[in-house]
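Every number for a ligand or one of its atoms is a count from 1 in the order of the listing. Here the structure is a predicted model, which means the values were calculated and not measured.
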Amino acid sequence: MRTRFAPSPTGLLHVGGLRTALFNYLIAKKTGGTFILRIEDTDQEREEDGALENILSTLNWAGISPDEGVVLKDGKITELGDYGPYTQSNRLDIYKKYVKELVDNGHAYLAFDTKEELDQMREQEQKAGNPSPKYDYSIRMRMCNSLTLSSDEVSERLKKNTPHVIRLKTPEGRKIQAQDIIRGKVEFQSHTIDDAVLLKSDGFPTYHLANVVDDHLMEIDLVIRGEEWLPSLPKHILLYEAFGWKAPEFAHVPLLMNQGGGKLSKRQGDVSASIYSDKGYLPGVMINFLALLGWNPGTTEEIFTMSELIEKFSLDRIQKAGAVFDTEKLDWLQGQWIRRMTVIEFADLIRPIVAEKYPDANNDDNFLSRACLIQERITFFNEAPEMFSYIYERPSIDKKLIANKKQKVTLDIVPKILSVIIEDLNCLGGGELDWNLENLKTTLFALAESKGYKNGQILWPMRAILTGLPYSPGAFEVAEILGREETLDRLKEAQKAF
Ligand code: GLU
């Protein structure tokens, strides 16, 4: 199938847009088809610098780069494919040609009304009890257009370059029906639809005209887009009919909601997709998360790689109700993805990040076992240097951290505790067979018991001294990873501070 993502470059790519792109991508890949990126830049006033770059780099980051259309090639924006141009502002002649066809066959007409005339019409209608007047069948015959003017008058105006728009002649009293893959049969009454502007007075098409012409000419089989476009569907259906073209299939995906059930909006947090890459989420995690917004596999499974999604995704498992954008779930997924990596994969990813702060990490033969220690607890890779800080740097003695009410550690008992720990650990050899998790556990638990301390009174100060961190792996793990000599040195050093 040929599917497309057709964003307008009016700002940073929204997470909802990235989800729409993903669904289109998945269907294209599943069917051995083509995923196209078309840029809908017909509203030049709303365009924002850098928006196109952001759309492309975010799609690239997420691993769903377009196969055709506007693409990034060697870091440069370019167009690829036989159906171009793929940027609507470069297709103005095409829209003019097609809209002329509609005028010629009576499905559209030229309207010369000035802004003042339109305002006046609205005012009169409101006075007459019509609260939301629109330019439609009930009004068009009172206005200044090619339906009410003689052909000579029209030619005269065109000769004088009188500004005008071209409007769709929406039929009166018709039921407009369409089939939506997610919603089933959808029906609209034509009297609710205005004579939409198709071509603006500046020669630019509106969204409706350009969208329909392009989906037809680019041979799009299926349009997957946000539910907010559903009200535009009857206009599009009318246009397909007017042109005598077969419409593509449609699937309008549910809106993204915030936790409170409202529409996800900028005010409630981060809605730009690239913020999630900046924050350090893995692209696979973001894709996994977005896929589950509105779609479910029909099982309790929640972790999916891209290839699993391509295999399992189907439009008939998309819900109609809004999908809640739950960032706690996103964090959970990130954790799940990290835990599922092999240690080698994980270590390869974090080593360069750690080495930026601690170059020793680059030639650390024990890096793998050290990485293992944090793989279970890390959420973002940029936390890694901090989590490794005590390995590559001796922490300073933080008495506030060492004292701990909950563990019943007061500073006055610390010197005694340190000396018994050092005494007992001294008896352990430094080789792997002696200095390991099991032996450290046995030794320190036995020490607590024999000297009448609670386990926490031994383990907390030892861990706090060895790491200088409020959270870290436990004392045994840390001691094992630091080795005998370094552990004892740090404990002895601490003795001096008390
Ligand atoms: N340009 C529209 C947008 O910004 C495209 C809607 C559609 O897919 O038809 O989302």
Task: Geometric cation-pi criterion K279 and Y281, 6.0 Å radius, 45° cone - done: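 Because its charged atom misses either the 6.0 Å distance or the 45° angle limit, K279 does not stack over Y281.
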Task: R351 to F367, cation-pi by 6.0 Å centre distance and 45° axis angle - done: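 The answer is yes, since R351 meets both limits relative to F367.
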Open item on the list: Could you work out, with salt bridge (charged side-chain N to carboxylate O under 4.0 Å, His left out) as the rule, every residue matching R38, not counting sequence neighbours?
Closed with: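 For R38 the salt bridge (charged side-chain N to carboxylate O under 4.0 Å, His left out) partners, ignoring immediate neighbours, are E40, D214, D215.
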TODO: Compute the shortest N/O to N/O distance between A6 and ligand 1 and return yes if it is under 3.5 Å, no if not.
DONE: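 Between A6 and ligand 1, an N or O pair is found under 3.5 Å apart.
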- [ ] Using a strict 4.0 Å cut-off to heavy atoms of N211, name the atoms of ligand 1 that fall inside it.
- [x]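 That gives atoms 7 (C), 9 (O) of ligand 1.
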- [ ] Would you mind listing which atoms of ligand 1 come within a distance below 4.0 Å of any non-hydrogen atom of E40?
- [x]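 Selected atoms, number and element: 1 (N), 2 (C), 5 (C).
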Task: Partner of D195 under salt bridge (charged side-chain N to carboxylate O under 4.0 Å, His left out), chosen from K134, R140, R167 - done: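 Of the listed residues K134, R140, R167, the salt bridge (charged side-chain N to carboxylate O under 4.0 Å, His left out) partner of D195 is R140.
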TODO: Indicate the ring-plane relationship of F112 and H164, choosing parallel, tilted or perpendicular according to the 30° and 60° boundaries.
DONE: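 F112 and H164: tilted rings.
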Task: Closest approach of any protein heavy atom to atom 8 (O) of ligand 1, naming residue and atom - done: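 For atom 8 (O) of ligand 1, the nearest protein heavy atom is R4 NH1, 2.5 Å.
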Task: Shortest reach to atom 9 (O) of ligand 1 by a heavy atom, considering only F250, W229, Y207 - done: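 Looking at heavy atoms only, the winner is Y207.
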- [ ] Tell me, please: is F5 in heavy-atom contact with ligand 1, that is, under 4.0 Å?
- [x]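 In this structure, F5 fails to qualify as a contact of ligand 1 - no heavy atom is under 4.0 Å.
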